[in-house]
Every structure is written in structure tokens, then in C-alpha cells.
Amino acid sequence: MAKIIVEVALKPEILDPQGQAVASALPRLGFTFATSVRQGKRFEIEVAGEVTPAMLADIEQAAQTLLSNPVIETYVVKVEA
Amino acid sequence: MAKIIVEVALKPEILDPQGQAVASALPRLGFTFATSVRQGKRFEIEVAGEVTPAMLADIEQAAQTLLSNPVIETYVVKVEA
Amino acid sequence: MKIGVVTFPGSLDDRDAARAVERAGGIAVPLWHGSDDLKEVQAVILPGGFSYGDYLRCGAISRFAPVMKSIILAAEHGFPVLGICNGFQVLTEAHMLPGALTRNQGLHFLCTDQKLRIENNESMWTSGFEKNEEIVIPLKNGEGSFQCDDETLAMLEGEGRVVVRYLGQDPNGSRNLIAGISNARGNVVGLMPHPEHAIETLTGPSEDGLTFFTSILHQMVGR
Amino acid sequence: MSLDTVAHAQANPDSKQPYAELGLKDDEYAHIKEILGRRPTSSELAMYSVMWSEHCSYKSSKVHLKQFGDKAPHSDALLVGIGENAGVVDIGQGYAVTFKIESHNHPSFIEPYQGAATGVGGIVRDILTMGARPIAVMDPLRFGPADAPDTHRVLPGIVAGIGGYGNCLGLPNLGGEIVFDETYAGNPLVNALCVGVMRHEDIKLAKAHGTGNLVVLFGAKTGGDGIGGVSVLASETFNAAKPTKRPSVQVGDPFAEKVLIECCLEIFAADLVIGIQDLGGAGLSCATSELASAGSGGMDIQLEKVPLRDPSLSPEEILMSESQERMCAIVEPSKIKHFLGICRKWDVTATVIGEVTDGTRLNITFNGDLIVDVPPRTVAHDGPVYNRPFAEPNYIKALPGSSFSVPLPTTPAEIKAAILKLMSSPNMADKSWVTSQYDKYVQGNSVLAQPEDSGMIRIDEQTNLGVAISTDANARWSYLNPYEGAKLALAESCRNIAVTGAKPLAVSNCLNFGSPEDPDVMWQFAETVRGLADACLELGLPVTGGNVSFYNQTGTVAILPTPVIAVLGVIQDVRERTPMGISRDGLELFLFGATDQNFSGSEWAYLHGELGNVAPLSDLAMEARLIELLLEGQPLFESAHDLSNGGLAASLSEMVLRHGIGANVQLESIASALLVETPGRVLVAVDPSATEAISGLAAKFNIPVTKIGVTGGAELNINGAAISITELRAAFTETFPKLFG
Ligand SMILES: Nc1ncnc2c1ncn2[C@@H]1O[C@H](COP(=O)(O)OP(=O)(O)O)[C@@H](O)[C@H]1O
Ligand SMILES: [Mg+2]
């Protein structure tokens, strides 16, 4: 049983109110380390059996159409051990 | 300028309706690869200067108190190149 | 009888909660999130809304507000606190109540007239109800699904700390249809539905909500 | 990087400029040169191009919209009329109400959630700008066929976006419309209405007065949002090498807007602004030029002071950015400290970016270099005006004669089947899948909300003064006859107000059409405006403002002409309002108004693939009498419901479903009476003791009345066709969940 991770992030030029909310909360709590925060999504997908190239192509496709919104987001697919 | 990633996931025993919605949408779109899907969050934090142990301790602390809710979530902190 | 109503940035139902307090016969005192001064109120309501936009987790940022420090401290000594919707979320984030409120199972914001049963009429905020009384008040939220681990659930049920339960069709996937709970002492109560929107039939589905506010006023007078 | 300063423009008169790419015509560009006596700088070109666009200048519609002023009836209620951000009407007791409706159609097609969300954000800022506290929103929507794949992409996103933004602002959503039609398939309509309330003395205007007063920009930081056209310019003229990657989508931040609202209201309460303007389309270009143009002098702006989210923005882009959640205020120097203090309290970024001058020019510098030097009026108010050609389209001439028929039910079995078919069709079915995603309770003053005929809000808790609002359009009638269509939409909206017991007071509108360059569409538009202006005059209602949305088409196919009319009414005591649902057994049902046999444009015809030929003719004198009847008879009515789409069948079904109390109805000429949509009709339920009073009313106002049945039981029974409420409810409620999950 393998695990696929799809990370979805807002394109850098798109406003990220969620990340901003975190960025402005941090210093109020005394945390000064961050110069910027962006918030994205992370999908952990368990797949049965081996990860084949055909399956990866499918996952790419799903990441592009369902898991992310290409108008405002980008995605990365990663295969975990 | 370094980048820190904090990944936050729902604990396995906590209901994840978003992940479930994705899991049931996939086969409707003809994607049959997934046996389970969980949806989590991913914070990309840019920090100024080098990542010191003191800073990492701070980030741990922020991840635990602000970025995640230990009642329902777990987190991982990663330093990116 | 003075009851404080806290305004966080993004609070929405603060004026409604104040109106409910006044209608019940109390005096509503506005409290500001940025000040730890509780202005000598005898109880506090954390109202509904989207504090800080609720972009991270609902209530996650508000719980660090200066006013919360005072409230947490006072509550440990029996000071009555009612968290409604976002207020409930703040209370769980602040670990004043167990569990957490998560995304509705249907994944949509849901605004509906919700049937409920009062499971516990011994808390400071529900003492005016009959036990097992059935009421209808609005439910409106996107993240109202009450979740906790099995052990916590057993404890809440075992100690009778489930204050209000959903009746009829499950609105959001909450464990054991939990709509509201209290702390062990019964002074801190969190509710997902909105009693402050059911205080007159002109603008709400019933007047059932008013009893939450008259309950606390009677409790305080009795002291 | 070289800056195209005024001096540079003077020294290089022949530099080629990408005016055509920015949407300016040759003669418009020549006119700009004439105004300035030189070629514009790139910043000036950017400002003119966006302010002279159809969207901002109303260049195709202006000549027609004039009628709203020319034909305006006298109205004592109008405190601020057309021309400001939103009109303001007097509702008595010292209260003023402002309302406006605007479109966000195209952005919602591109990115449904954010497009709809920012649509709500924009209209709310227009209302706030007038000095008012926003108190409610509404959302008339149009989509392609309910089962079309793209509808499944756009509808859930648009609904979630409207809810996501409006709920987070704490604005109850009181109503709207959801209509499906093929012509909206590639071009959904997202119109958003906001209403706000203030005391008379708190009305604010977008004017920059007083030399030395400060120009303050406050709210969100400026990013590269929504400046597509202008990035063309930035990259073409200067630094083609720079990677200008500007977002194609604006993202709304409702929390930022919520604190902006509270911050503004506190600033208004302390009387700290001379003038104020929201930043919407055309951003800072629009706000500065409009404020200066409406004011008494000139204005100096130091553009480098604008706080940026994206430091790579060029001056042209800063001027054009349509970043959301920003406002611009004119503040006296003595009050600036107090002003900035309130902004700090709410964590709102506020920056002084310039001042009002005693000159006549809008001067903008960037790090000391003069990049804009224009007469503000030429940018904001003296844009081009077109008399676009229009002519009656061929399709009108080609409408079929009388050869149009739809099957009509007569037997009980047919009647039952017809009603179930009608009430489960997407246009008629229960909309709670959508409306339950909207908060209708917040603020605690919602007296009526969807599915009632109009939304109603209590304004004053002591006196129970309130307002009612309704939005309506009937695009199929408008297609058949745009002049009558507009009149009928206004009549329907007024009727929706009057059935609740409120008196119609003022009108706003959002006119959604195809391309103005198409003479057919332009004719539809011209006829619509003529019809609406005539109808407003006849009913004595002022138009307080509105919005025009052109270019709503997929390829060469225009949407149905869709003038969405919003009417605001006043009710002295909201406790007296009449709801639509049948509240108890034993009431008598009366139908006011006459029923004819014209099925053109009706829902029943649409369900059979027919449009018909002749739209109903409006009878506004009768509508006015009906409104008076409703207001006078209001104490008698236990419930009242307007007849519109789906005719009597739909209204009866909706009335019995509201509280699950049935009715027994007997109709003559059942076949047509049940499903025809003759305008000017209302159904009321009254106690039997009021029967005589009802005939008295009907006689007094010369409106036909028919007793059609009594309430009670667990079924809707029409001429022997018995439909159990359970069955009817199932048909009515299952459609949307089935379609959208
Ligand atoms: N269809 C219309 N009917 C009446 N007034 C209109 C109409 N369309 C636009 N207006 C008026 O023209 C002015 C400019 O409109 P608009 O550009 O939408 O305003 P804003 O700049 O506030 O967005 C407003 O006062 C508006 O009310
Ligand atoms: Mg405006």
C-alpha cells in the first residue's frame, strides 16, 4: 500500500487571506520568526498496490481537475515510501 | 531567506468530511486509484536569516498552539533548503 | 444584573446577544477583545460570528485575546460563561471545554430552524428549562460538527455534560448529535445553535432561546 | 526602469502607445491628446482607458439612462439621487435608507466562488460609502440549464461565494432569484443587492472639498488584482523583460471588509470625513478622479505612499489595481489623528497619500516625478458618449402568429401530474438547498426572508418601522417585448412589496444585456429603459440608481434581456406584516385580479419547449389600484401571496407548503386558470368573517375578486385532484439536492 501526497498552493500572485491571518496573529503571540505565511492544502491519498506510471498520470489528472483549481492554484504530486 | 513547512493533519480517528468528499468524487470522475483520502493543511512560512535552534523551538511552539489544535490534529515541522 | 458580551474583530451576533440579555431583563455590557477588563460583569457571553475571519480554525486566534485570559481565570472559579457558535469554538480552542468543532459533514454552511432537546437542565444557562424539553432555535454555521475521542465522549455522556442534543435529521455529523456541552462544574456552556435569534417570533422561529438568558439571570439572583 | 513622466511625454510626443490594446478607439485617443494638449503619459493613458471603458463610463447606455432623470416623478422621499454611489431615500422618523444592485457576471464565470464573493463585497462598500450601516443583501442569479455540466461547476461555487462573503460580514440574505435558461449557459448572471440604513444627517458623499484636506487610503494593501488590461501597457511600454504575472482573479477577504465596515461606522459616528469613496472598478484612478471631479478644487497624490502587497507594481498598475476591501476618505488635518487612531483600533492600515488643492488639476507624482496631470472631470465624468444604432430585431417580426399551444390539464389525474411536474421543475422547485447556505438571522431584524415575497427588515426596535425589498425580472417577457417586460417586472416587484403590507417607495435596477454593438441588443436595451422610465413615472417611483452590464453573451448568442428590478418599500409597523403561508384551517381563499389565456413566456410553456409570441400588456393603473387595495386591506389578510411564475398552481402550492396546511380549491375553466401567468393577481387568505369586507375592497378599487376555496386538511385539492402535502413537498424539495448533491 503506497501513499501519494498532493500539495496544493495558491499561486503566489493570488491574495491569501488565510495565510495573512496567521501571519498577523503570530507576532501578537510573541512569535517573530515569520516574514510571510501562505496556507495551502495537503491531500494524503492511499492507493492499493504499486504506483504505476498509468496511475501517476491519473493522479496528475485528478490533481489538476479536482484537487486544485488551476485558475488560482498550483499543485505538486509526491510519492511517499 | 529560509522556508519552513508546517504540515497539519487530522488525527486518524477524527471524521474528515472533506477528504471523504474527495474520495467519493474521484470514482465518479473515473479515477479508481484511491483507497482513502485525507485532507490536511500546509503552511509555508518564510523566515528571515538562518534557521536557528531557538527559532525552530519557537516554530514548534507556534505549530502546537496556533497552527494546529492538538485535540484533533497532529503536525510536522520541516525545514526547506 | 450585568452580563458582558465580548466583541472580537469579526464577531457578528454580539448585538443580538446583547439584545437577548436585555430582553431577559439583564443589563448587557460590551466587552472588547483587546482589554482584560471584565467591567464587573457577573457572567460573559462569547457571541457568534467569524472572529478573525475564522480562516485558520474557528476560534483559534481569538482564544489568545487579552479578554480571554481574564475569562479563563474567572471561569476556573465558577464564573458563568456561555459560548454560542463561534463562542463555543473559542471555548474548545481555549480548552475550557473538551472536543472540537469541525467542518459540517455536508461541507456547506447551514442555516436552519433546528429542533433540539435539553438534556441537562442543571447547568447555569439551562436551569429554566424542563428536563428533556424540546425547543426550536436557529442553527447557522459552517463548522459545527462536534468531534472528540471516544474517551471524552464517554465522559461527557457519563457525567451528564451533554446539555443540548440535535433532534430529527443529523444536521452536521456531530458525535452523538451533540449540540452543546458544559464543563464539569456547569458554569461554562458551549452551544452551536443560536438562542439569541429565537427571542421573539417576529424575527426568529420561536421564543425558546430566551430561557437560556433568563436561566442565568435567575441563577445569579439566587446567589 | 524609466518612468513615463509628464516631462517625458512632452519631450517624446511621438512614442507609440498601446491605446488600442487598452480598448480605446482612435478618436478617443485623439480626444485625450486634445484634452491634455500632448500625448498622455502611460499612467494617464491607463486612467483614461479604464475610466472610459463601458463598465465605468456607461458610454453606450448614458443617452438612454437619462430618461430616468427626465421622466422622474416628483418624490419627496429622494434624498440622494442617481450619480452618487447609491441613491438614498427618506423612510421617515429621521431614517434614510440606501440600496443598490450591481452585477458581477463575468468574474463569476471565470472563478465562481471568488467572483460572487467579491461581487457582494463591492456592493456592500457602495452602501457603506454613503455613510450607512449595511443591513441586508440579496442575490438574483441566472444560470444555464440545471442539468448542464457547467452549471454544476458555477452554481455551487457562486452560492458558496455569496454565502461565504455575506455570512462572514454578518449581513442577512433576505432573498434573490434563481432562474435557469439556455441563454445563460456560458454567461451566468450574478447580481448582488445591498441595503443600508443611516440617520439623515449621516449621509456621506464622494466629494473632495477644502484645500489642504488630506486624502487617506485605508483598508487592504494594494496588490496586482484585476489589472489585466493595464499589464499590457506596463509590459509593452517599459519593461517587457520584467516578469509581470498579475492575477486573473480577485480574491475576497470578508474579514478585512468586516473590520473595514466597523472602522468606517466608528469614523462616521465621530464625524471625521468630508467625503468618502470606495475603491471598486478602476481602483485608485476612479476614486481619486471622482472625488476630485465632484469636489471644488484639485488634488495632489503621492503614489509611492500607497501601501503595497506586491512591491513589484508599476505606478500604472497601482493606479489601476482593483484590489478589494479599500476605501478613500477626505479628512481635515485637525481630525487625522483621531481618524488614524480608529483605524489602528480595528487593525486597518491607513495612509495619507495626498491632499486637496485649490487648483483644478489632479496631479499624481511617483517619488517626486509628475506622472499624471489631468483635469479630473475629463477622466471621471466627461467620458465618451455613444448613440449606438438600434433597430427592432428580425426575431420580433418572425415571432409566430397565433399558432402556439401547450397541453393543458383537465382531468384530476392530469391536474395532479401537471402540478407535480411544475413544482419539481428547477425554476419552480424549492431553493432551500441554496438559501440554507445563507445566514438570514444575523442582526436579529429579519422579519421576512426567503421564501417570502419580499425581504423585510426592522429598522427601529422601538417604533417597529421597517423596509421591504424585492427583486424581479421576467426575461422571457422582456425578450418578447422589452418595453412591456420592464414595466411588468417593476409591477411584479411592487406587488411583492405590497402583499407584505409595505408601500413601494423607490427603485434600483441592474440591466443585464448582450453586446451594445449589436443593434438587436441595443434595441432591447433602449426599449427596456424606456419601459422602466415610463413605468416609474406612472407608478410615481423614483429610480435611485442602478447598474448596466453589457457583453453578456456566449459567442454571438446574447442572453435573454434581463432587467432585474429592485423595489424598496416602507412599512410603519413590521409586526403587522403579512406572510405568504397559510397559517390555519378554515380560512377563505380569494383571488384578486382577472385571469386571461395568454401562455406566452410562461413557465408551463417553457416546460413544453415553447416561448409563445405576445407578452402580456401591463396595466399599471390597475396595478396601482391593486397596490392600494393590498395596503388598505392588509389588516384583513392572514396571508397574501403574489401570482407570478407558475401562476395560480405555483402560488397555491407555495402557500400550502409553507406550514403544511392544505386547501380545497374549485376553479372554473380549470385548464387555463391553473397555469396561466396573467400579471396583476394576488391570492389572499382571510377569516370567513371578512368575506364582506373583501368584496367591498374589490369594488372600491375596481379589482375583480373570486373566492376560490378554503384552507385546511393535509392535501391540496383542486377540482377533485387531491395531492397530499407529503407528495407535493417531496416533488418540490427533491429537485435541488438531486441536481447538486
Ligand atoms: N441602470 C441604471 N439606472 C439608474 N442609474 C444607473 C444605472 N446604471 C448606473 N446608474 C448610476 O450611474 C452611477 C454610476 O454607476 P456605477 O459605476 O455602477 O457606480 P459605482 O461607481 O458606485 O460602482 C451610479 O450612480 C448608478 O446608480
Ligand atoms: Mg461605488
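Since the model is a prediction, treat every value here as computed from it, not as a measurement.
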Colleague: At a heavy-atom separation under 4.5 Å, does C:Glu200 approach chain D through its side chain, its backbone, both, or neither?
Modeller: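 For C:Glu200, the contact with chain D is made by the side chain alone.
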
Colleague: Which answer fits D:Tyr438, side chain, backbone, both or neither, if we ask what part of it has an atom under 4.5 Å from a heavy atom of chain C?
Modeller: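 For D:Tyr438, the contact with chain C is made by the backbone alone.
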
Colleague: Name the region of D:Ser436, side chain, backbone, both or neither, that has any atom closer than 4.5 Å to a heavy atom of chain C.
Modeller: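 When you check distances to chain C, atoms from both the backbone and side chain of D:Ser436 fall under 4.5 Å.
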
Colleague: Do D:Lys345 and D:Glu266 meet the salt-bridge criterion of a basic N to acidic O distance under 4.0 Å?
Modeller: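 Salt bridge between D:Glu266 and D:Lys345, a charged N being under 4.0 Å from a carboxylate O: yes.
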
Colleague: Pick one of side chain, backbone, both or neither for D:Asp253, based on which atoms fall under 4.5 Å of a heavy atom in chain C.
Modeller: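 Both parts, backbone and side chain.
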
Colleague: In this structure, which one of C:Leu139, C:Asp113, C:Asp13 forms a side-chain contact (heavy atoms from CB on, under 4.5 Å) with D:Tyr441?
Modeller: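 That would be C:Asp113.
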
Colleague: If you count heavy-atom pairs within less than 4.5 Å of chain C, which of D:Arg575, D:Glu461, D:Lys258 leads?
Modeller: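 The answer is D:Glu461.
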
Colleague: Between D:Arg577, D:Glu262, D:Lys440, D:Met456, who has the most heavy-atom pairs with chain C when the cutoff is under 4.5 Å?
Modeller: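 Top count of heavy-atom pairs under 4.5 Å with chain C: D:Arg577.
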
Colleague: Identify which one of D:Gln634, D:Glu638, D:Glu452 satisfies the side chain to side chain donor-acceptor pair (under 3.5 Å) criterion when paired with D:Thr578.
Modeller: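 Testing D:Thr578 for a side chain to side chain donor-acceptor pair (under 3.5 Å) against D:Gln634, D:Glu638, D:Glu452 leaves exactly one candidate, D:Gln634.
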
Colleague: Can you check whether C:Tyr52 and D:Phe255 have ring centres sitting under 6.0 Å from each other?
Modeller: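 Here the rings of D:Phe255 and C:Tyr52 have centres that are less than 6.0 Å from each other.
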
Colleague: Can you check whether D:Phe740 and D:Trp433 have ring centres sitting under 6.0 Å from each other?
Modeller: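 Yes, the ring centres sit under 6.0 Å apart.
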
Colleague: Specify which of C:Pro205, C:Ser51, C:Gly142 makes the most heavy-atom pairs with chain D at under 4.5 Å.
Modeller: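 Result: the option with the highest number of such pairs is C:Pro205.
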
Colleague: Quick one: what part of D:Leu448 sits under 4.5 Å from any heavy atom of chain C, side chain, backbone, both or neither?
Modeller: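 Contact with chain C involves no heavy atom of D:Leu448 at all.
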
Colleague: With a 4.5 angstrom heavy-atom cut-off, could you sort out which part of D:Val259 is near chain C: side chain, backbone, both or neither?
Modeller: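 Only the side chain of D:Val259 comes within 4.5 Å of chain C.
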
Colleague: Checking heavy atoms, do the side chain of D:Val574, its backbone, both or neither come under 4.5 Å from chain C?
Modeller: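 It is both, since atoms from each part get that close.
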
Colleague: Before we go on, tell me: are the rings of C:Phe212 and C:Phe129 under 6.0 Å apart, centre to centre?
Modeller: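 For C:Phe212 and C:Phe129, the ring centres are under 6.0 Å apart.
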
Colleague: With a distance cut-off below 6.0 Å to the six-membered ring centre and an angular limit of 45° from the axis, does D:Arg326 pair with D:Phe218 as a cation-pi contact?
Modeller: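 Not satisfied by the 6.0 Å and 45° rule.
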
